[in-house]
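See below for the structure under consideration.
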Amino acid sequence: MHVFLPDGKQLDLPQGATALDAAQAIGPRLAQDALAATANGVLTDLQTPLPEGAEISLITKKNPGQAQSVFRHSLGHAMSQAVGEYYERKGYPRNAVKRGVGPSIENGFYQDFDLPEPLGEEELPEIEKIMREIIGRGLDITRSEVSKAQALEQFGFDPYKVELISALPDDESITFYTQGEYVDLCRGPHFPNTGKLPTAFKLTSTSGAYWRGNEKNPILQRVYGVAFASQKELDEYLERLEEAKRRDHRKLGRELELFTIDPLVGKGLPLWLPNGTVLREELAAFLKEQQFQRGYQGVITPNIGNLELYKTSGHYQNYSDSNFSPITVDDEQYMLKPMNCPHHVRIYDSKPRSYRDLPVRLAEFGTVYRYEQSGELNGLTRVRGFTQDDAHIFCRTDQLKKEFLDVLDLTVLVLRTFGMNDVRFRVGTRDPADEKYVGDAANWQLAEDGIIQAVEEVGLPYSIEPGDAAFYGPKLDFVVKDVLGREWQLGTIQVDYNLPERFDISYVGEDGQDHRPVMIHRAPFGSLERFVGILIEHYAGDFPLWLAPRQIAIVPIADRHNAYAEELRAELHKAGLRAEVDDTSNRMQAKVRNAELSKIPMILVVGDKEQEARQVSTRERWPDGHRERKGVGFDELKAELLERYKSRS
RNA sequence: GCUUCUGUAGCUCAGUGGUAGAGCACUCCCUUGGUAAGGGAGAGGUCAUCAGUUCGAACCUGAUCAGAAGCUCCA
């Protein structure tokens with residue numbers, strides 16, 4: 001057989017040759033240093049036979065980072081072996097530890113176990129120690145192929161492995177990887193020897209995970225680890241985790257007094273404190289302005305509705321698990337509103353509509369309630385009661401594209417306003433095999449094509465995810481990444497032919513006949529709660545002036561400056577700016593410090609000099625940096641702040 | 001909802017079976033200062049809740065409630 005090297009040179013090798021054979025053919029030194037390889041761009045190890053005619057490239061200890069997923073996977077095996085030894089040292093028989101899957105993942109690896117007794121996080125350093133021992137032993141990691149029958153025989157003691165092996169086709173040979181006394185069923189690839197594995201790893205956490213990800217299956221213990229080619233990369237990663245902790249909206253939300261969650265009120269039901277309310281109302285005002293410009297009309301609907309309403313819309317049937325239970329009043333049943341759309345449909349239908357009236361754009365900051373599983377609740381980002389910046393556009397089919405593009409434009413404007421650049425557009429389409437979707441296939445096709453066409457027209461990068469649609473129509477979601485790399489769904493746009501059908505709404509066309517309108521559901525923020533949660537982390541609490549709940553702190557140097565400070569405060573307040581005077585008996589340094597810790601963007605220091613000349617000295621913290629200015633004229637500064645406020649910059 | 005872990009003052013945390021502590025914040029007094037902590041005094045807790053074990057429980061056991069990480073779910 002032959003393979004090709006990166007320089008295009010052809011290398012002739014015996015049949016069934018591996019990357020190691022190729023390395024040896026080039027030189028003994030390379031064979032010594034080789035860790036893994038790629039064949040036709042796919043990572044492989046040194047022991048797997050190469051495909052005929054492959055373009056290969058060897059990865060050596062000079063650039064182990066290229067084989068990250070390989071050594072992470074191998075470290076996963078080392079961890080798995082270490083856990084086995086740990087339990088053996090505790091006196092359990094070797095086969096007491098059973099194993100689920102253990103892949104490499106972003107930044108590291110995990111392994112699922114069925115353990116004879118739970119493993120606590122405080123035991124992880126001990127496991128790490130054994131892992132380092134295993135690396136120190138320099139065990140060869142050898143690949144072997146066996147038949148399905150042999151595999152079943154060897155792993156007969158482990159029901160999880162038996163299940164995995166049984167699922168493989170009968171004629172397929174199954175690969176094992178062995179290092180010392182540890183053998184695991186594994187497709188590979190792996191490093192050639194435990195001694196060549198990087199030591200820049202750390203076991204981070206343990207948790208439960210359902211076998212094969214199914215809620216109905218038993219739960220296994222999962223141990224997570226992170227690993228990098230160098231200690232520097234590991235340190236940087238751990239530093240990023242620390243940064244994420246510092247930015248955590250739950251921590252900042254408490255420190256900056258933005259919101260609180262009180263068990264007596266109910267879990268998942270956040271209380272907006274005065275500071276958080278300012279922030280939220282600024283967001284709402286911003287969007288209302290935009291919507292006014294774009295011809296939306298405001299509506300207001302109640303927080304509960306007759307069960308029949310949600311039966312008509314289908315929300316009751318389709319989301320029975322995540323609705324709050326109905327309330328019986330007299331002999332009727334009511335439900336907490338899980339969605340605003342049914343109410344808006346009824347508003348549309350409250351009078352006859354002409355084709356001339358369309359599009360009708362009904363907007364509401366509507367609060368909805370959904371019964372989220374208790375384990376899902378998380379600060380502001382996952383709650384049971386939240387307010388959507390919801391709107392429904394009822395239009396003719398010939399208007400759909402323009403309306404959709406306008407909504408897309410609005411959403412992009414929103415994201416840009418907050419400097420959210422790491423955004424992914426996700427088109428959720430119907431999975432034809434799933435039966436939860438309502439409406440006929442032709443309408444679905446129409447709606448899905450329309451979305452994809454619009455996104456392409458705007459030239460946004462997008463991915464299509466089948467099965468991600470709402471039950472009534474496909475959707476376009478905006479997914480942003482936070483500092484930790486976690487993805488959050490923010491805004492959404494959905495095209496819906498089905499609700500108009502279910503509610504039998506219509507308009508009178510040019511021809512005098514009844515026609516069915518199309519609906520667009522859209523929420524650029526998604527939910528105010530989640531959006532604010534993400535904004536807090538996005539800005540790390542250092543909000544731009546227009547969003548900062550506390551915008552200006554005036555620091556009088558001594559008590560005799562309090563009156564001047566108060567005079568400035570009143571003027572700023574009159575101009576619509578949020579200013580306060582720190583007239584505590586603290587020293588000026590302490591007042592400055594407290595204002596800094598409260599992340600107030602503009603601190604005005606006033607003393608004798610300032611008072612005489614109607615000036616202030618400043619200390620400013622803006623998203624683009626901090627600065628100080630001395631002897632600034634007050635009126636000039638006020639104008640500057642107002643300009644900054646009004647322009648939302 | 002499931003698995004593991006956690007719950008002590010407003011916040012951050014110490015306290016391994018013998019009647020509860022620190023720092024910050026808070027209140028009062030002194031201090032009146034030039035860009036990140038001036039000094040002193042005081043107040044504040046059924047140790048999440050309930051039950052059990054014990055002569056005795058913040059500490060051990062169980063249940064409940066709440067939180068965290070992950071899994072599953074998200075119109």
Side-chain angles (χ1 to χ4, degrees), chain A residues 110 112 114-115 117-123 204-224 248 250-251 254-255 257 260-264 266-268 310 313-316 318-319 321-323 337-342 368 370-379 381-384 386 388 390 428 436 468-473 475 477 489 492 494 496 499 521 523 526-527 530 555-562 584-598 603-610 617-621 626 628-630:
Chain A
Y110 71 78
D112 288 341
D114 180 352
L115 297 171
E117 67 173 274
L119 183 70
E121 290 192 9
E122 65 285 350
E123 296 173 271
T204 49
S205 61
T206 64
S207 73
Y210 297 106
W211 168 236
R212 314 198 93 175
N214 187 329
E215 211 176 348
K216 295 188 178 70
N217 284 342
I219 198 141
L220 303 177
Q221 283 242 305
R222 179 171 293 178
V223 179
Y224 283 92
D248 191 317
R250 293 164 300 187
K251 177 175 176 284
R254 186 173 50 238
E255 287 171 1
E257 298 183 17
T260 186
I261 296 174
D262 178 357
L264 190 56
K267 54 183 167 183
Y310 306 112
S313 70
H315 290 107
Y316 178 67
N318 281 285
Y319 294 97
D321 287 351
S322 42
N323 288 324
K337 167 166 82 174
M339 275 294 256
N340 302 301
C341 28
V368 297
R370 298 178 186 172
Y371 176 78
E372 302 285 357
Q373 297 182 44
S374 63
E376 291 313 321
L377 302 174
N378 179 281
T381 53
R382 199 74 188 274
V383 291
R384 284 184 174 162
F386 58 96
Q388 295 177 311
D390 212 357
K436 78 171 181 178
D468 249 9
F471 76 89
Y472 49 74
K475 55 181 188 169
D477 290 332
Q489 185 201 315
T492 180
Q494 300 160 13
D496 181 5
L499 280 187
H521 307 237
S527 107
R530 173 175 293 183
V555 173
I557 288 176
D559 280 358
R560 63 176 181 281
H561 310 119
N562 283 359
T584 61
S585 67
N586 282 322
R587 292 180 65 213
M588 183 263 285
Q589 284 87 339
K591 293 179 187 179
V592 168
R593 177 169 192 269
N594 288 337
E596 287 280 352
L597 291 176
S598 304
I603 301 171
L604 305 183
V605 177
V606 294
D608 291 331
K609 284 182 248 168
E610 287 78 7
S617 291
T618 74
R619 186 178 170 114
E620 307 162 44
R621 43 190 304 141
H626 294 195
E628 274 181 33
R629 284 186 281 169
K630 297 238 154 74

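Being a predicted model, the structure only gives us computed values, none of them experimental. Letters A, B, ... are given to chains in the order of the sequence lines, protein chains preceding strands, and every chain is numbered from 1.
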Q | Base-contact (B) and sugar-phosphate-only (S) positions in nucleotides 35-49 of chain B, heavy-atom cut-off under 4.0 Å, - elsewhere | A | BBBB-----------
Filtered N/O pairs between nucleotides 72-75 of chain B and protein, under 3.5 Å:
unit_1	atom_1	unit_2	atom_2	d
B/U72	O2'	A/Glu215	OE1	2.8
B/U72	O2	A/Gln373	OE1	3.2
B/U72	O2	A/Gln373	NE2	3.4
B/U72	N3	A/Glu376	OE2	2.2
B/U72	O4	A/Glu376	OE1	2.7
B/U72	O4	A/Glu376	OE2	2.3
B/C73	O2	A/Arg382	NH2	2.8
B/C73	N3	A/Glu376	OE1	3.3
B/C73	N3	A/Arg382	NH1	3.2
B/C73	N3	A/Arg382	NH2	3.4
B/C74	N1	A/Arg382	NH2	3.3
B/C74	O2	A/Arg382	NE	3.1
B/C74	O2	A/Arg382	NH2	3.0
B/A75	OP2	A/Lys475	NZ	3.4
B/A75	O4'	A/Tyr319	OH	2.8
B/A75	O3'	A/Gln494	NE2	3.4
B/A75	O2'	A/Tyr472	OH	2.9
B/A75	N6	A/Ser322	O	3.1
B/A75	N6	A/Ser322	OG	2.9
B/A75	N1	A/Asn323	OD1	3.2

Q | Close side-chain approach of A/Leu220 and A/Tyr210, heavy atoms under 4.5 Å | A | no
Q) What's the NZ-P distance between A/Lys609 and B/G33, to the nearest Å? A) 13 Å
**Q.** Residue-phosphate contact under 4.0 Å: A/Asn217 side-chain N/O, B/C2 OP1/OP2
**A.** no
Q. Which whole number of Å gives the distance between the P atom of B/A57 and that of B/G18?
A. 11 Å
Q | Main-chain N/O of A/Pro338 paired to A/Arg370 side chain as donor or acceptor, under 3.5 Å | A | yes
Q: Figure out the CZ/P separation between A/Arg250 and B/A66, and round it to whole Å.
A: 17 Å
Q: Determine the Euclidean distance between corresponding C1' atoms of B/C2 and B/U46; express it in Å to zero decimal places.
A: 33 Å
Q | B/G40 to B/A25 separation - P atoms, rounded to the nearest Å | A | 13 Å
Q | Separation between the P atoms of B/C11 and B/G67, rounded to whole Å | A | 15 Å
Q | P-based separation of B/U19 from B/A58 [nearest Å] | A | 10 Å
Q. Between B/G34 atom C1' and A/Arg560 atom CZ, what is the distance in whole Å?
A. 11 Å
Q: For A/Gln221 and A/Leu119, indicate whether the former's side chain and the latter's backbone hold a donor-acceptor pair under 3.5 Å.
A: yes
Q: Under the salt bridge (Lys or Arg N to Asp or Glu O under 4.0 Å) rule, collect the residues that match up with A/Glu596, sequence neighbours excluded.
A: A/Arg619, A/Arg621
Q | Counter-base of B/A37, judged by Watson-Crick or G-U geometry with both distances under 3.5 Å | A | none
Q. Given the rule in the side-chain hydrogen bond (donor to acceptor under 3.5 Å, both in side chains) test, do A/His315 and A/Asn323 qualify, once you have shown the distances and angles that lead to the verdict?
A. CA-CA 9 Å; A/His315 290 107; A/Asn323 288 324; over 6 Å; no
Q: Please step through side chain to side chain contact (heavy atoms under 4.5 Å, CB included) for the pair A/Ile219 and A/Trp211, ending with a clear verdict.
A: CA-CA 6 Å; A/Ile219 198 141; A/Trp211 168 236; over 6 Å; no
Q | Matching residue for A/Tyr319 among A/Phe471, A/Tyr371, A/Tyr310 - test: side-chain contact (heavy atoms from CB on, under 4.5 Å) | A | A/Phe471
Q.
Quick check for you: among B/C71, B/G1, B/A69, whose closest atom lies nearest to any side-chain atom of A/Tyr224?
A. B/C71
Q. Heavy-atom count around A/Glu257 CD within 6.0 Å, excluding the residue itself: above 12?
A. no
Q) Does a side chain donor of either A/Ser617 or A/Glu610 reach within less than 3.5 Å of an acceptor in the other side chain? A) yes
What pairs of nitrogen or oxygen atoms, one from the protein and one from nucleotides 11-14 of chain B, lie under 3.5 Å apart?
unit_1	atom_1	unit_2	atom_2	d
B/U12	OP1	A/Arg254	NH2	2.9

**Q.** Pairing partner of B/A22 (Watson-Crick or G-U wobble, both distances under 3.5 Å)
**A.** B/U12
Q: Mind checking salt bridge (Lys or Arg N to Asp or Glu O under 4.0 Å) for A/Asp114 and listing every partner two or more places apart, or none if nothing turns up?
A: none
Q) What is the pairing partner of B/G45, taking Watson-Crick or G-U wobble pairs with both distances under 3.5 Å in any strand? A) none
Quick test: give all pairs of protein nitrogen or oxygen and nucleotides 59-61 of chain B nitrogen or oxygen below 3.5 Å, distance rounded to 0.1 Å.
none

Q: For B/C2, take OP1 and OP2 only and decide whether either is under 4.0 Å from a side-chain N or O of A/Arg222.
A: no
(Q) side chain to side chain contact (heavy atoms under 4.5 Å, CB included), that's the test. Do A/Val383 and A/Arg530 meet it? Break it down for me. (A) CA-CA 8 Å; A/Val383 291; A/Arg530 173 175 293 183; over 6 Å; no
(Q) Base, sugar-phosphate or nothing for A/Asp608? Non-hydrogen atoms, less than 4.0 Å. (A) base
Q.
Only pairs with both distances under 3.5 Å count, Watson-Crick or wobble alike; so what is the partner of B/C73 in this structure?
A. none
Q | Integer-rounded Å distance: B/A66 C1' and A/Arg384 CZ | A | 12 Å
Q. Considering only the P atoms, how many Å lie between B/G1 and B/U64, rounded to the nearest integer?
A. 11 Å
Q) Distance from A/Lys609 atom NZ to A/His561 atom NE2, nearest 0.5 Å? A) 10.5 Å
Q) Once you round it to whole Å, what is the distance between C1' of B/U64 and NZ of A/Lys267? A) 11 Å
Q: Determine the Euclidean distance between corresponding C1' atoms of B/G34 and B/G42; express it in Å to zero decimal places.
A: 32 Å
Q | Whole-Å P distance, B/G21 and B/A9 | A | 14 Å
Q: Measure the CG-OG distance between A/Asp112 and A/Ser207 for me, rounded to the nearest 0.5 Å.
A: 8.0 Å
Q | Test side chain to side chain contact (heavy atoms under 4.5 Å, CB included) applied to A/Arg384 and A/Ser374, step by step | A | CA-CA 9 Å; A/Arg384 284 184 174 162; A/Ser374 63; 3.8 Å; yes
Q) Between B/G67 atom C1' and A/Asn378 atom CG, what is the distance in whole Å? A) 11 Å
Q: Counting Watson-Crick and G-U wobble pairs only, both distances under 3.5 Å, name the nucleotide matched with B/C59, or none.
A: none
Q.
Quick check: on RNA chain B, is the nucleotide nearest A/Leu220 upstream (toward 5') of the one nearest A/Val606, or the reverse? Name the residue that is more 5'.
A. A/Leu220
Q. Which pair of heavy atoms, one from A/Asp496 and one from A/Tyr472, lies closest together, and at what distance?
A. OD1-O, 3.2 Å
Q | Under 3.5 Å on both distances, the Watson-Crick or G-U partner of B/G17 | A | none
Q | B/C5 - base-pair partner by Watson-Crick or wobble geometry, distances under 3.5 Å | A | B/G67
Q. For A/Leu377, does its backbone N or O pair with a side-chain atom of A/Arg382 as donor and acceptor, under 3.5 Å?
A. no
Q.
By the 4.0 Å heavy-atom rule, please label A/Ala558 as base, sugar-phosphate, or nothing.
A. base
